[in-house]
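First up is the structure itself, then whatever we jot down about it.
So that the names make sense, note that chain A is the first sequence line, chain B the second, and so on, each numbered from 1. Everything numeric here is computed off the predicted structure, so don't read it as measured data. All values below come from the heavy atoms of this structure, side chains included, with hydrogens, waters and symmetry mates left out.
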Amino acid sequence: MPEPTVRVRIAPSPTGFAHLGTASTALYNLLFARQREGTFALRIDDTDLERNRPEYEALIYEALRWLSLDWDEGPDKGGPYAPYRQSERVDLYRQHAVRLLDEGKAYKCYCTQEELEAERRQAQFEKRPYKYSRRCLTNPPTDRGVFAVRFKVPGGSVVFTDMIRGEMAFDAELIGDFILMKSDGFPTYQFASPVDDALMKITHVIRGEEHLSNTPYQLMIVDALGYERPIAYAHMPLILAKDGAKLSKRKHPESNLMLYREQGYLPEALINYLALLGWNPGTAQEIFTFEELMRIFSFDRVQHAGARFDWEKLNWINGEWIRAMVDGELAKRLQPFLSNLDEATIMRAVPALKTRMTKLADATEYLDYLWKEPDMPALDAEQASRIDMAVDALKEVPWEPEPIEHALEGVVERTGLSKNKLYTPIRLTLTGKKVSLPIHYTLALLPKEIAMTRLMRAVPA
RNA sequence: GGCCCCGUCGUCUAGUGGACUAGGACGCAGCCCUCUCAAGGCUGAGACCGCGGGUUCGAAUCCCGCCGGGGCUACCA
């Protein structure tokens with residue numbers, strides 16, 4: 001039998017901002033799909049009526065597009081297995097639930113949340129592992145109308161292949177009957193996900209490790225339905241926060257993908273960093289383009305343990321990408337962060353700026369003196385006189401970094417002053433800051449009249 | 001509580017019985033360069049390989065126990 005064409009998917013839930021873990025999972029899926037010349041689908045798992053919002057779905061698209069993690073099939077693009085939004089596939093889940101009901105593989109459950117909670121507490125009190133009592137299977141109440149559909153777990157053992165961990169085996173005797181259809185008529189994740197994966201002919205399920213223990217639940221459903229199981233699974237190590245817990249939307253703001261765009265991380269750099277979190281090439285190389293990753297990525301070099309997210313390393317990788325970027329491209333990417341400046345000015349700043357940024361937003365701190373008048377620094381008489389000398393030397397100089405630098409060096413030579421003594425008061429007067437780009441750039445980026453005015457302001461008449 | 005996954009410098013990791021005096025990267029420290037800040041170059045500190053038992057001539061690497069962390073155990077996904 002020939003290997004079927006690879007089909008993979010990601011299935012994010014629109015329950016808040018786009019999550020870093022979604023990007024990570026999308027990356028691994030895409031890498032695998034592209035290297036096997038397969039298809040990458042985006043499915044929106046919006047079965048939680050309480051928490052889903054259409055605007056959150058838009059956020060997911062925006063974030064993935066920003067990272068160039070493009071999908072072949074999805075709610076916005078369509079595809080042979082449309083619709084790709086679970087809320088539009090509810091009839092399908094209902095039909096499958098009815099079939100399971102008819103075949104005696106599922107049953108209606110009329111228990112209330114309170115009753116179930118009581119069962120659970122009782123089990124805990126008696127220190128025995130909790131499993132649903134099957135009350136509604138053996139002795140269903142006759143006076144109730146609202147019900148959920150519960151799967152009758154067949155028991156036995158569930159075995160499957162994980163591309164990272166090898167053969168996995170779970171004892172299904174330990175799994176209690178679980179809900180397929182909620183009483184609001186919507187499916188649970190445990191039900192909708194395997195049904196869709198089967199219907200959409202997903203061949204490899206690549207997702208976060210949090211789903212490892214969910215896999216036997218889903219496989220039992222696939223089996224009960226008589227569908228073909230995916231060829232293999234891959235459960236990727238979780239991205240952990242500084243505190244060692246799984247990155248959560250509520251507790252960890254760094255899980256918000258849009259944050260990275262706002263701060264000026266390059267999509268290439270984020271991808272690069274994400275790839276290295278949990279996977280390594282086995283060589284000393286640290287900087288990778290997507291195409292390189294596509295060539296060398298493999299699941300057998302994926303880590304088994306969760307990886308802690310580290311800003312420092314991301315910053316370094318981002319800096320590497322910034323420094324490697326050609327000036328014109330960098331200027332273009334800088335534009336949104338420097339909306340007060342025109343393209344030509346940004347372009348002139350780039351050579352000096354390049355080695356000083358870890359992220360694009362850093363440019364503001366270096367350049368805001370160009371549109372903001374700094375406060376007059378407190379200078380002593382000596383400093384004022386040095387500025388006076390600089391003004392003299394600069395008067396007739398063409399306003400470009402090179403000639404400015406030579407003019408100032410001339411002053412240094414003639415007076416025997418140190419560069420530090422001469423440049424510091426200039427820097428202070430021009431920018432109001434102790435740190436700036438090299439002094440000749442700091443001067444040249446400012447229109448000459450403004451620069452001279454600011455300098456002369458510091459010199460007592 | 002039960003089940004599952006995992007445990008090498010602060011962090012990401014290399015390592016699959018001898019080449020390990022445990023390697024690299026980020027970060028950190030020092031020096032060089034230098035007008036500030038970076039970048040760059042060089043040097044350095046930093047891991048008794050979670051702990052305890054085995055197996056073996058020999059273990060970070062194999063086995064067992066314990067401890068620790070994470071995940072799942074929802075009418076969340």
Check the interface with nucleotides 3-7 of chain B: list each N/O to N/O pair with the protein under 3.5 Å, or write none.
unit_1, atom_1, unit_2, atom_2, d
B:C5, O2', A:R165, NH1, 2.8
B:C6, OP1, A:H304, ND1, 2.9

Can you give me the N/O atom pairs linking the protein to nucleotides 37-39 of chain B at distances under 3.5 Å, or say none if there are none?
unit_1, atom_1, unit_2, atom_2, d
B:C37, O2, A:R356, NH1, 3.1
B:C37, N3, A:R356, NH1, 2.2
B:C37, N4, A:R356, NH1, 3.4
B:A38, O2', A:T355, O, 2.2
B:A38, N3, A:T355, OG1, 3.0
B:A39, O4', A:T355, O, 3.3
B:A39, O3', A:R323, NH1, 3.4

Expected rows: protein N/O vs nucleotides 60-66 of chain B N/O, under 3.5 Å:
none

All N/O pairs under 3.5 Å across the protein-nucleotides 20-23 of chain B interface:
none

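Residue contacts shown for A:L314 are absent, as no nucleic acid heavy atom lies under 4.0 Å away. At a threshold of 4.0 angstrom between heavy atoms, the contacts of A:N214 include nucleobase atoms, whether or not backbone atoms are also involved. Here A:G282 lies out of heavy-atom contact (under 4.0 Å) with every strand.
Protein atom CG of A:D310 is 9 Å distant from nucleotide atom C1' of B:G10, rounded to whole Å. Per the geometry, CZ belonging to A:R121 stands 14 Å off P belonging to B:A74, to the nearest Å. Rounded to whole angstrom, the span from the NZ atom of A:K108 across to the P atom of B:C75 amounts to 19 Å. Put simply, CD on A:E409 is 12 Å from C1' on B:U34, counting in whole angstrom units. A straight line from CG of A:L247 to C1' of B:G71 spans 14 Å, rounded to a whole angstrom.
Qualifying side-chain hydrogen bond (donor to acceptor under 3.5 Å, both in side chains) partners for A:H252, counting only residues two or more places apart in sequence or in other chains: none. For A:Y423, the ring pair (Phe, Tyr, Trp, His ring centres under 6.0 Å) criterion is met by no residue, not counting sequence neighbours. Legend: residues meeting ring pair (Phe, Tyr, Trp, His ring centres under 6.0 Å) with A:F178, ordered by chain and number and at least two apart, are A:F151, A:Y217. Listed by chain and residue number, A:K249 satisfy the side-chain hydrogen bond (donor to acceptor under 3.5 Å, both in side chains) test with A:T15 (two or more places apart in sequence, or in another chain). For A:R295, there are no side-chain hydrogen bond (donor to acceptor under 3.5 Å, both in side chains) partners, not counting sequence neighbours.
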Donor-acceptor contacts, no H, no angles, side chain residues 386-393 of chain A, under 3.5 Å, sequence neighbours left out:
unit_1, atom_1, unit_2, atom_2, d
A:R386, NH1, A:K421, O, 3.3
A:R386, NH2, A:E382, OE1, 3.0
A:D392, OD1, A:K395, NZ, 3.1

Donor-acceptor contacts, no H, no angles, side chain residues 163-171 of chain A, under 3.5 Å, sequence neighbours left out:
unit_1, atom_1, unit_2, atom_2, d
A:R165, NH1, A:H304, O, 3.3
A:R165, NH2, A:H235, O, 2.7
A:E167, OE2, A:T161, OG1, 3.1
A:D171, OD1, A:E173, N, 3.0

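Taking side-chain N and O atoms only, A:K182 has a distance below 4.0 Å to OP1 or OP2 of B:C76. Between A:N280 and B:A14, a side-chain N or O to OP1/OP2 separation shorter than 4.0 Å is present.
Across all strands shown, nothing is found opposite B:C37 as a Watson-Crick or G-U wobble partner with both distances under 3.5 Å. Base-pair partner of B:G46: not found among the strands shown (Watson-Crick or G-U wobble, both distances under 3.5 Å). Pair assignment for B:G7: B:C67, on the basis of Watson-Crick or G-U wobble contacts that are both within less than 3.5 Å. B:G1: Watson-Crick or G-U partner is B:U73, with both key distances under 3.5 Å. Summarising the base pairing, B:C57 is matched to B:G18 through a Watson-Crick or G-U wobble pair whose two defining distances lie under 3.5 Å.
Checking B:G27, B:C35, B:G2 against the side-chain heavy atoms of A:P129 singles out B:G2 as nearest. The side chain of A:R308 sits closest to B:C12 out of B:C12, B:C35, B:A77.
At a threshold of 4.5 Å between non-hydrogen side-chain atoms, the residues A:V195 and A:L92 do not count as touching. Side-chain atoms of A:T289 and A:E268, non-hydrogen and from C-beta on, never get closer than 4.5 Å to each other.
For the contact set between residues 233-246 of chain A and RNA chain B, defined by any heavy atom under 4.0 Å, the members are A:L238, A:G244, A:K246.
With salt bridges taken as basic N to acidic carboxylate O contacts below 4.0 Å, none links A:E365 and A:R356. Using a 4.0 Å cut-off between a side-chain N of Lys or Arg and a carboxylate O of Asp or Glu, A:R85 and A:E57 qualify as a salt bridge. With salt bridges taken as basic N to acidic carboxylate O contacts below 4.0 Å, one links A:R144 and A:E115.
No side-chain donor-acceptor contact under 3.5 Å links A:R9 and A:N29. With 3.5 Å as the limit, one finds no donor-acceptor pair spanning the side chains of A:S436 and A:T431.
Taking the six-membered ring where the residue is Trp, A:F297 and A:W279 present tilted rings, their angle falling between 30° and 60°. Below 30°, between 30° and 60°, or above 60°: for A:H211 and A:Y189 the angle between ring planes is between 30° and 60°, a tilted geometry.
Sequence order on RNA chain B of the closest nucleotides to A:N420 and A:A307 puts A:A307 first from the 5' end.
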